[in-house]
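What follows is one structure encoded as structure tokens, with my remarks underneath.
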Amino acid sequence: MANEIVFPNATKPLTRVGLGGEGVLRTTGKAQAAQQVIKTAINQGITYFDSARVYMDSEVYYGAYWKNHPEKREAIFHTSKSADRTRAGALADLTQTLERLNTPYLDLWQIHDVRTEKDLALISQKGGALEAFLEARDMGLVKHIGVTGHHDPEILAKAIEQWPVDAVLMPVNPVEEIIGGFLTRTLSAAHKKGIAVIGMKVLGAKHYIAKDLGITAGLLIRFALSYDITLAIVGCSTPDEVIELAVAGRNDHRLTDVERKKILEPFLPMAQKLAFYRGSVFNPPGS
């Protein structure tokens, strides 16, 4: 795939798009369909693969593929996540993750779904999950560590500023451009620290696709890549969706003003409600 970039201090080249851990990968009992999606991503030259310990059988699907195709693993920048807030729990997650993935290490291990000040405190305290992430990196079980969040841009920015992370995974889409926060406060914190930025929620779980308005998955992916981010990930359910993702990643053409207006216009009246992934932080009870 064209437009390869390098993760800070990484030895593996990365494509501008990655296979997200959602879609068919976040299921159970769909091994055959998952294998087709993984195989298509590899054949399309995608090198960044996302997963998480809590994503149902996502790690198991990947692990089955690497077991049958071990020669493919070393070309892939593989990630996973732990949402446990304790050192012991996070290390237990990592042990299970590596076993399920059939791999001796992760290229990136992420502190998953940081939402509140309480999360920051629990993770940072003595015996908290941050200790596990730092130990795993020192031991070489993971090459890089990161943090993810899609609820509160200020909390995620604080995590970036307070923790020695190498990457952040955050929402990048038209809704975020309109309401601000992740693409202002959080992105600025990441750029100031010089860490990698991975965009997620690019399609809004496909809710943002409106083909009758000319808003396709490919256009939304190009929109995300128009920001100064390292790459964007999208969960896929079929090989055709993977191909559309890969094609968008190879598209060098910058968005025109007309295209940008076309994307933003339908979201303007309902942008706040369309940020559904922000949850109660964004839409408190009674609002």
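- Not a single donor-acceptor pair under 3.5 Å links the side chain of K192 to the backbone N or O of E161.
- In this structure, CD1 in I76 is found 10.0 Å from CG in L14, a value given to the nearest 0.5 Å.
- For the pair E154 and R115, the salt-bridge criterion is not met [side-chain N within less than 4.0 Å of a carboxylate O].
- With respect to the salt-bridge test (charged N to carboxylate O, under 4.0 angstrom), the residues K206 and E241 qualify.
- Listed for the S51 side chain is no donor-acceptor partner under 3.5 Å among the backbone atoms of S58.
- Between the side chains of D84 and S82, no donor N or O sits under 3.5 Å from an acceptor N or O.
- Note on ring orientation: taking the six-membered ring where Trp is involved, the planes of F49 and W66 are parallel (angle under 30°, cut-offs 30° and 60°).
- Under the 4.0 Å criterion applied to side-chain N and carboxylate O atoms, R278 and D152 are not assigned as salt-bridge partners.
- For S124 (side chain) and A121 (main-chain N/O), no donor-acceptor pair under 3.5 Å exists by modelled atom type.
- Residues meeting the ring-ring contact (aromatic ring centres under 6.0 Å, His included) test with Y61, sequence neighbours left out: none.
- There is a side-chain donor-acceptor pair under 3.5 Å between T103 and R73.
- The main-chain N or O of G181 is found under 3.5 Å from a side-chain atom of T184 such that the two form a donor-acceptor pair.
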Side chain to side chain donor-acceptor pair (under 3.5 Å) assessment of T230 paired with R16:
CA-CA 7 Å; T230 309; R16 298 184 68 219; over 6 Å; no

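- K143 forms a cation-pi arrangement with Y105, by the criterion of a distance under 6.0 Å to the ring centre and an angle within 45° of the ring axis.
- Checked by atom type and distance alone, the side chain of T27 never pairs as donor or acceptor with a backbone atom of G23 at under 3.5 Å.
- Side chains of S80 and R100: a donor-acceptor N/O pair is absent below 3.5 angstrom, by distance only.
- In this structure a side-chain-to-backbone donor-acceptor pair under 3.5 Å is missing from D57 to V60.
- Note on K261 versus E265: no salt bridge recorded, every NZ/NE/NH1/NH2 to OD/OE distance being 4.0 Å or above.
- At a cut-off of 3.5 Å, with distance as the only test, no side-chain donor of W109 or H144 sits close to an acceptor on the other residue.
- At a threshold of 4.0 Å, the pair K81-D93 does not count as salt-bridged, since none of the basic side-chain nitrogens sits closer than that to a carboxylate oxygen.
- Judged by distance alone, the side chain of Y62 and the main-chain N or O of D50 form a donor-acceptor pair under 3.5 Å.
- Residues meeting the salt bridge (charged side-chain N to carboxylate O under 4.0 Å, His left out) test with E117, sequence neighbours left out: K158.
- Residues Q110 and T148 bring no donor and acceptor atom of their side chains to less than 3.5 Å of each other.
- Between the side chains of Q44 and R250, at least one donor-acceptor pair of N or O atoms lies under 3.5 Å.
- A side chain to side chain contact (heavy atoms under 4.5 Å, CB included) with V168 is found for one member of L187, L156, I229 and no other, namely L156.
- Aromatic ring pairs are classed by plane angle as parallel below 30°, tilted from 30° to 60° and perpendicular above 60°; the pair Y55 and H112 is perpendicular.
- Comment: R222 engages E259 in a salt bridge, judged by a side-chain N to carboxylate O separation of less than 4.0 angstrom.
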